[in-house]
> 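The structure that follows is given in the form of structure tokens.
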There are 2 protein chains.
Amino acid sequence: MKVSTKGRYALRIMLDLALHNSGELVPLKDIAGRQDITLKYMEQIISPLAKAGYVLSLRGSSGGYRLARHPSEYTCGDILRVVEGPLAPTVCLSSGDFVDCPRADECPTISFWEGLRDVINKYVDSVTLEDLMNEQLSAQNDYVI
Amino acid sequence: MKVSTKGRYALRIMLDLALHNSGELVPLKDIAGRQDITLKYMEQIISPLAKAGYVLSLRGSSGGYRLARHPSEYTCGDILRVVEGPLAPTVCLSSGDFVDCPRADECPTISFWEGLRDVINKYVDSVTLEDLMNEQLSAQNDYVI
DNA sequence: AATATTCCTAGCACAAAACTATGAATATAG
DNA sequence: CTATATTCATAGTTTTGTGCTAGGAATATT
């Protein structure tokens with residue numbers, strides 16, 4: 001029941017972009033330095049986020065990435081699902097309809113797992129990138145005072 | 001974010017025991033037949049459940065397992081945690097206190113993950129083995145009628 | 001004594017996760 | 001217009017975990 005590093009890193013990358021959201025492009029090298037994630041691994045993680053239109057990119061010198069929307073318009077669930085796939089606790093609930101399992105009809109645990117899937121998704125969709133930003137900013141204030 | 005087969009099978013094994021809870025001992029071989037799980041793999045899965053006192057066992061001919069308590073006294077969370085370990089979405093939340101992560105203090109996502117851990121555990125602890133039994137039994141009735 | 005079970009431990013095959021590596025495409029800067 | 005800095009695409013590698021298989025000891029019943 002663990003979220004992979006891709007999911008966790010994706011959240012940190014998006015949060016980093018949100019905190020440096022001046023309108024200018026932020027090169028991955030900068031984020032890599034701040035977040036202790038290798039450049040090459042980050043490229044792989046941000047790639048699906050770019051394809052999903054969550055971040056905008058420009059190549060070449062002084063290129064980089066920036067958010068496509070306001071931080072309040074991304075839920076953590078949005079971001080996690082893009083890099084992790086469906087947030088479902090079983091394979092039979094991952095592929096839209098329960099194609100795989102021959103026991104699906106009579107399965108006494110399926111509705112339990114559906115319930116779990118639903119509370120997970122409801123929760124991760126209740127927190128936005130902006131919420132994480134505020135968390136971060138208030139923690140910094142605590143530190144300064 | 002997947003539950004392993006151990007967790008899923010553990011639930012099915014416990015449910016099978018609950019549905020055959022006549023007071024007699026049920027040998028794993030019987031459960032293996034009904035549940036399409038190999039005997040040897042089931043042995044491994046039920047072992048921690050026996051050690052946790054969730055099932056009682058007797059060796060030898062006409063030995064087997066039975067539930068230690070009434071089905072209503074097990075939550076799905078209880079069972080899953082015994083075989084899967086802590087139901088936490090990150091390693092840093094799995095080992096009691098966040099020992100591992102040097103970033104824990106300033107981590108802006110930790111409370112998000114704590115929230116996720118909490119909703120997961122709250123949900124899995126809200127469903128009991130008896131609930132699964134009722135699900136199963138009413139499904140069977142549907143089928144018969 | 002034979003048999004049927006749980007219990008214990010080790011190993012193995014496969015898949016997935018977590019990176020690393022190489023280099024092409026492309027935009028800017030000087 | 002060349003050097004440089006970036007994204008983009010793809011493939012390879014290493015490590016870890018999952019999902020089982022195997023063999024046999026211990027123990028209770030028949």
Side-chain angles (χ1 to χ4, degrees), chain A residues 1-13 17 20 24-33 35-68 80 83-86 88-91 94 100, chain B residues 1-13 17 20 24-33 35-68 80 83-86 88-91 94 100:
Chain A
M1 280 295 281
K2 295 280 180 290
V3 170
S4 75
T5 54
K6 274 192 180 165
R8 289 185 289 115
Y9 290 0
L11 231 48
R12 284 167 54 191
I13 292 168
L17 284 174
H20 298 85
E24 312 231 314
L25 292 168
V26 181
L28 280 192
K29 200 170 59 168
D30 292 7
I31 307 182
Q35 299 291 332
D36 273 332
I37 306 173
T38 66
L39 178 65
K40 281 301 179 184
Y41 196 27
M42 286 216 335
E43 285 181 1
Q44 293 193 1
I45 294 168
I46 209 167
S47 166
L49 292 166
K51 280 179 182 153
Y54 284 27
V55 296
L56 303 177
S57 65
L58 189 70
R59 299 198 204 190
S61 188
S62 82
Y65 295 89
R66 66 182 182 81
L67 295 185
L80 290 174
V83 296
E84 295 248 326
T90 65
V91 270
S94 294
D100 318 342
Chain B
M1 278 298 279
K2 294 281 180 289
V3 171
S4 74
T5 54
K6 275 192 179 166
R8 289 186 289 114
Y9 289 0
L11 232 48
R12 283 167 54 189
I13 291 168
L17 285 174
H20 298 84
E24 311 231 317
L25 292 168
V26 181
L28 280 192
K29 201 170 58 170
D30 293 7
I31 308 182
Q35 298 292 331
D36 273 332
I37 307 174
T38 67
L39 179 65
K40 282 299 185 183
Y41 196 28
M42 286 216 335
E43 286 180 2
Q44 294 191 2
I45 294 167
I46 209 168
S47 165
L49 293 166
K51 279 180 182 154
Y54 284 27
V55 297
L56 303 177
S57 66
L58 187 69
R59 299 198 204 189
S61 187
S62 83
Y65 296 88
R66 67 182 182 81
L67 294 186
L80 290 174
V83 297
E84 294 248 327
T90 65
V91 269
S94 294
D100 319 342

> Counting only side-chain nitrogens and oxygens, does A:Lys29 get under 4.0 Å of the OP1 or OP2 atom of D:dA5?
no
> Quick check: closest heavy atoms across A:Ser62 and A:Leu25, and the distance to 0.1 Å?
O-CD1, 4.1 Å
> Looking only at atom types and distance, does a side-chain atom of A:Arg12 sit under 3.5 Å from a main-chain N or O of A:Gln35, one as donor and one as acceptor?
yes
> Would a distance-only check, ignoring hydrogens and angles, find a side-chain to backbone donor-acceptor pair under 3.5 Å from B:Lys6 to B:Ile45?
no
> Sort and list the pairs that fulfil salt bridge (Lys or Arg N to Asp or Glu O under 4.0 Å) and have at least one residue in residues 43-55 of chain B, not counting sequence neighbours.
B:Lys40-B:Glu43
> Any chance you could list the contact pattern along nucleotides 20-30 of chain D? Use B for base contacts, S for sugar-phosphate-only contacts and - for none, protein heavy atoms under 4.0 Å, 5' to 3'.
BB-BB-BBBBS
> Does A:Leu28 reach a base, just sugar-phosphate, or nothing at all? Heavy atoms under 4.0 Å.
sugar-phosphate
> Take atom CD1 of A:Ile45 and atom P of C:dC19, then tell me their distance rounded to the nearest Å.
8 Å
> Nearest 0.5 Å, what's the CG-CG distance between B:Leu49 and B:Leu67?
10.0 Å
> If I take atom CG in residue A:Leu39 and atom C1' in nucleotide D:dA9, what distance separates them, rounded to the nearest angstrom?
14 Å
> Sequence neighbours left out, what passes ring pair (Phe, Tyr, Trp, His ring centres under 6.0 Å) with A:Tyr65? Give chain and number order.
none
> To the nearest angstrom, how far is A:Ile31 atom CD1 from D:dT7 atom C1'?
12 Å
> Near DNA chain C, counting only heavy atoms under 4.0 Å, which residues of residues 49-56 of chain A show up?
none
> What are the two closest heavy atoms between B:Leu80 and B:Gly7, and how far apart are they?
CD2-O, 3.4 Å
> Taking the nucleotide of DNA chain D with the closest heavy atom to each, which residue, A:Pro27 or B:Ser4, is nearer the 5' end?
A:Pro27
> Rounded to the nearest angstrom, tell me the gap between atom CG in B:Asp30 and atom P in C:dA4.
13 Å
> Calculate the interatomic distance between A:Lys2 atom NZ and D:dT16 atom P; express it in whole Å.
16 Å
> Could you tell me how far apart B:Glu84 (CD) and D:dG17 (P) are, to the nearest whole angstrom?
14 Å
> Rounded to the Å, how far apart are A:Asp36 CG and C:dA18 C1'?
16 Å
> Checking B:Thr38 now: which residues fulfil side-chain contact (heavy atoms from CB on, under 4.5 Å) with it, not counting sequence neighbours?
B:Tyr41
> How many whole angstroms separate atom CZ of B:Arg8 from atom C1' of D:dG19?
11 Å
> Can you name the side-chain contact (heavy atoms from CB on, under 4.5 Å) partners of A:Pro48, sequence neighbours left out?
A:Val82, A:Val83
